[in-house]
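Accompanying notes for the structure given below.
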There are 2 protein chains.
Amino acid sequence: MLNYRQLHYFWVVARTGSIVRACEQLNLTPQTISGQISLLEQTYGIALFQRVGRQLELTEAGRKALPYAEQMFQTGNELEAMLRAQPDEQQILFRVGVADVVPKSIVYRLIAPTMELSEPLRITCREDKLERLLADLAIQRLDLVISDSPMPTHLDIKGYSQKLGECGISFFATQALADRHPGAFPQCLQGAPLLIPGAETVIRSRLQRWFAEQQIQPKIIGEFDDSALMQAFGQSGSGIFIAPSVIADEVVRQYGVALIGQTDAVTESFYAISVERKVKHPGIVAITEGARRELFTALP
Amino acid sequence: MLNYRQLHYFWVVARTGSIVRACEQLNLTPQTISGQISLLEQTYGIALFQRVGRQLELTEAGRKALPYAEQMFQTGNELEAMLRAQPDEQQILFRVGVADVVPKSIVYRLIAPTMELSEPLRITCREDKLERLLADLAIQRLDLVISDSPMPTHLDIKGYSQKLGECGISFFATQALADRHPGAFPQCLQGAPLLIPGAETVIRSRLQRWFAEQQIQPKIIGEFDDSALMQAFGQSGSGIFIAPSVIADEVVRQYGVALIGQTDAVTESFYAISVERKVKHPGIVAITEGARRELFTALP
DNA sequence: ACCTACACTTCGTGAAAACCGAAGTATACG
DNA sequence: CGTATACTTCGGTTTTCACGAAGTGTAGGT
């Protein structure tokens with residue numbers, strides 16, 4: 001019989017990447033979690049983690065198991081939220097999935113308008129790979145997916161995309177790094193260390209085309225599927241990184257980096273994907289209208 | 001923090017319909033399960049079951065919670081199977097969903113051919129409402145769905161139906177009940193107590209049309225979405241019930257009932273619904289070919 | 001090279017929980 | 001109205017879980 005508590009610890013450790021961080025989240029001590037996970041591994045005679053340096057890393061088996069656990073406890077959290085909400089009753093659920101390539105502050109600004117609706121919404125927000133989010137959209141476990149690309153056609157799922165807006169991109173670096181690559185933008189990018197979005201993103205290929213046109217060859221030193229992670233590396237001075245221009249001010253402020261330059265020749269778009277049930281969800285309406293009115297007003 | 005063990009007990013009790021049966025499955029005593037579920041209810045201050053007679057029934061909250069639990073532990077079971085299978089490695093997964101209106105012995109006969117393939121399959125079989133199965137098909141948590149109707153068009157899911165076969169239906173009753181309604185078939189059905197498939201099934205409406213044509217008004221005393229349940233009631237002598245003619249012999253033998261008559265004017269069809277990935281799953285091939293070759297050979 | 005900080009592990013103990021036997025209550029059925 | 005069945009309640013017992021103390025191994029600075 002599978003021990004769901006142990007599996008839960010496994011999940012938290014896997015997603016936080018370390019036992020210590022899992023402890024903070026679970027209010028437990030490391031030896032407890034370490035022990036319980038060892039027991040789990042023992043039960044099935046298979047290692048889920050392996051030590052790499054002083055961190056833990058998923059083994060092959062662990063990587064296989066993680067999506068199952070993910071699904072289980074994601075559902076578990078929703079169930080718990082539902083059980084707790086029972087008494088006060090009937091606020092409308094609004095379940096949003098966010099593709100991990102979308103910068104968090106964009107997401108925040110997109111979703112913020114839904115918080116101020118007259119009818120109280122209960123918002124659930126989840127981040128994942130686009131494909132998985134769309135699957136959940138199909139079975140109506142999500143009401144809306146926010147992504148940087150419209151609905152792909154190769155999936156066996158119907159969905160309707162709605163463009164929220166489009167904007168140019170800006171380049172950022174720590175001041176020290178920026179000083180090392182002086183000169184006019186964009187020529188200053190020549191040979192500079194660059195962090196770029198992963199191969200699966202839309203903006204990646206546009207960016208590369210633009211570099212070719214400008215006859216600039218930056219030195220790509222990192223690829224990231226998750227924009228927050230990319231920005232974290234950028235903040236440490238590893239390389240120059242990009243973000244949509246609408247959040248340029250915020251990036252400069254929050255990460256303490258310098259704006260190197262910006263272009264509208266490369267644009268990033270954002271889409272709201274829904275199944276478009278007969279009744280439009282108030283949350284979706286708020287997001288699409290809010291995006292048009294406030295976030296992307298300066299653009300066509 | 002949600003107690004997953006208690007939730008698991010809740011799930012088993014809900015799906016078996018009784019604590020005692022859950023005990024058999026979990027190797028526990030009733031007082032344990034009863035107690036643990038009470039604790040769960042206490043934690044969230046909400047009843048999940050209510051006593052009806054000496055059985056338990058889901059409350060409104062329980063009904064809301066069940067699909068979540070279903071999802072969780074279904075996934076949990078798959079995970080466990082995967083973890084166990086790890087050592088011997090690489091047998092092809094074949095996950096089949098069966099709509100509950102399809103008689104079990106038909107399902108068995110359809111699936112049986114896959115057991116004898118040269119390449120070893122690991123078959124997972126799940127029974128549920130058609131709609132839920134199709135949702136899981138869309139996100140590739142299932143490879144095939146077997147149903148009595150082709151892919152409905154109103155869902156936001158793509159799927160491809162393939163007709164497995166078609167056959168007439170037969171009427172059955174206990175000998176005692178049959179004796180009470182003597183005479184030639186189908187006139188003997190006039191005024192006889194009848195158990196029929198639920199309103200959502202395809203055969204239901206065909207059956208009613210046929211009765212109208214024959215100018216027969218049976219007395220409908222029960223509707224069932226689950227064919228096994230209908231047959232159980234039929235076995236107890238509650239009423240006359242139907243089943244596809246291909247399994248007539250088996251129904252007579254297994255339930256100890258008499259065959260009253262059969263007609264090919266009302267037919268029941270069975271379909272295999274898949275997402276038709278590039279590569280045809282060996283299990284799907286085996287089922288469609290097996291159906292054509294063995295089960296429904298006598299028909300066009 | 002060595003010291004310190006950090007992350008995970010091992011071991012033994014104590015507390016919490018889960019579980020069971022016995023007995024009790026309530027319902028269905030003949 | 002008695003018997004069988006299903007769920008509950010109430011102790012006591014067993015098992016599981018969690019922590020403190022101490023240990024191993026790695027990273028990084030001096």
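Chain naming here is simple, since letters A, B, ... match the order of the sequence lines and numbering starts at 1 in each.
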Quick tally for nucleotides 21-30 of chain C: nucleotides whose base has a protein heavy atom under 4.0 Å get B, sugar-phosphate-only ones S, the rest -, giving BB----BS--

With sequence neighbours left out, the residues meeting side-chain contact (heavy atoms from CB on, under 4.5 Å) with B:Gln74 are B:Glu78, B:Arg126, B:Arg141

**Q.** Residues A:Arg51 and A:Glu57 bridged, charged N to O under 4.0 Å
**A.** no

To the nearest angstrom, the CG-P distance between A:Leu48 and C:dC8 comes to 15 Å

Chain B reaches DNA chain D, atoms under 4.0 Å from its heavy atoms, from D:dA4 to D:dC17

Rounded to whole Å, CD1 of A:Ile37 lies from C1' of C:dA7 at a distance of 13 Å

Protein N or O to nucleotides 15-18 of chain C N or O, pairs below 3.5 Å:
from   : atom 1 : to      : atom 2 : distance (Å)
C:dA18 : OP2    : B:Asn3  : ND2    : 2.9
C:dA18 : OP2    : B:Gln6  : NE2    : 3.3
C:dA18 : OP2    : B:Gln36 : OE1    : 3.1
C:dA18 : O3'    : B:Arg5  : NH1    : 3.4

List, one per line, each side-chain donor-acceptor pair under 3.5 Å for residues 14-21 of chain A, sequence neighbours excluded.
from    : atom 1 : to      : atom 2 : distance (Å)
A:Thr16 : OG1    : A:Val12 : O      : 2.8
A:Thr16 : OG1    : A:Val13 : O      : 3.4
A:Thr16 : OG1    : A:Ser18 : O      : 3.1
A:Ser18 : OG     : A:Val20 : N      : 3.3
A:Ser18 : OG     : A:Arg21 : N      : 3.0
A:Arg21 : NH1    : A:Thr16 : O      : 3.4

When rounded to the nearest 0.5 Å, the distance separating CG of B:Leu2 from CG of A:Leu83 is 7.5 Å

Double-helix bend of the helix from C:dA1-D:dT30 to C:dG30-D:dC1, axes at both ends from 5 pairs, round to 10°, gives 30°

Sequence neighbours excluded, the answer for side-chain contact (heavy atoms from CB on, under 4.5 Å) partners of B:Pro197 is B:Thr201, B:Ile203, B:Leu207, B:Met230, B:Ile242

Applying side-chain contact (heavy atoms from CB on, under 4.5 Å) to A:Ser105 and not counting sequence neighbours gives A:Ile247, A:Glu250

Please walk me through it: do B:Leu259 and B:Phe172 pass side-chain contact (heavy atoms from CB on, under 4.5 Å)? CA-CA 5 Å; B:Leu259 174 65; B:Phe172 306 87; 3.8 Å; yes

Please report, to 0.1 Å, the donor-acceptor pairs under 3.5 Å made by any side chain of residues 30-40 of chain A, with sequence neighbours excluded.
from    : atom 1 : to      : atom 2 : distance (Å)
A:Gln31 : OE1    : A:Thr29 : OG1    : 3.4
A:Thr32 : OG1    : A:Thr29 : OG1    : 3.2
A:Gln36 : OE1    : A:Gln6  : NE2    : 3.2
A:Ser38 : OG     : A:Ser34 : O      : 3.0

Ring pair (Phe, Tyr, Trp, His ring centres under 6.0 Å) filter on B:Phe185, not counting sequence neighbours, yields B:Phe171

A:Met1 atom CE is separated from C:dC19 atom P, nearest whole Å, by 10 Å

Across all chains, not counting sequence neighbours, the ring pair (Phe, Tyr, Trp, His ring centres under 6.0 Å) partners of B:Phe49 are B:Phe10

Sorted by chain and residue number, the salt bridge (Lys or Arg N to Asp or Glu O under 4.0 Å) partners of A:Glu80 (sequence neighbours excluded) come out as A:Arg84

note: B:Ile19, atom CD1; C:dC20, atom C1'; distance rounded to Å ~ 15 Å

For this session: For B:Ser18, report the nucleic acid contact type (base, sugar-phosphate, nothing); a contact means any heavy atom under 4.0 Å.
Result: sugar-phosphate

* Evaluate the criterion ring-ring contact (aromatic ring centres under 6.0 Å, His included) for residue pair A:Phe241 and A:Phe224; output intermediate values, then yes/no. => CA-CA 10 Å; A:Phe241 65 98; A:Phe224 297 87; 9.8 Å; no

Original post:
Would you call A:Asn3 and B:Tyr4 a side-chain contact if the rule is heavy atoms closer than 4.5 Å?
Top reply: no

Using a 4.0 Å heavy-atom cut-off, does A:Ile33 contact any base of the nucleic acid, only the sugar-phosphate backbone, or nothing at all? nothing

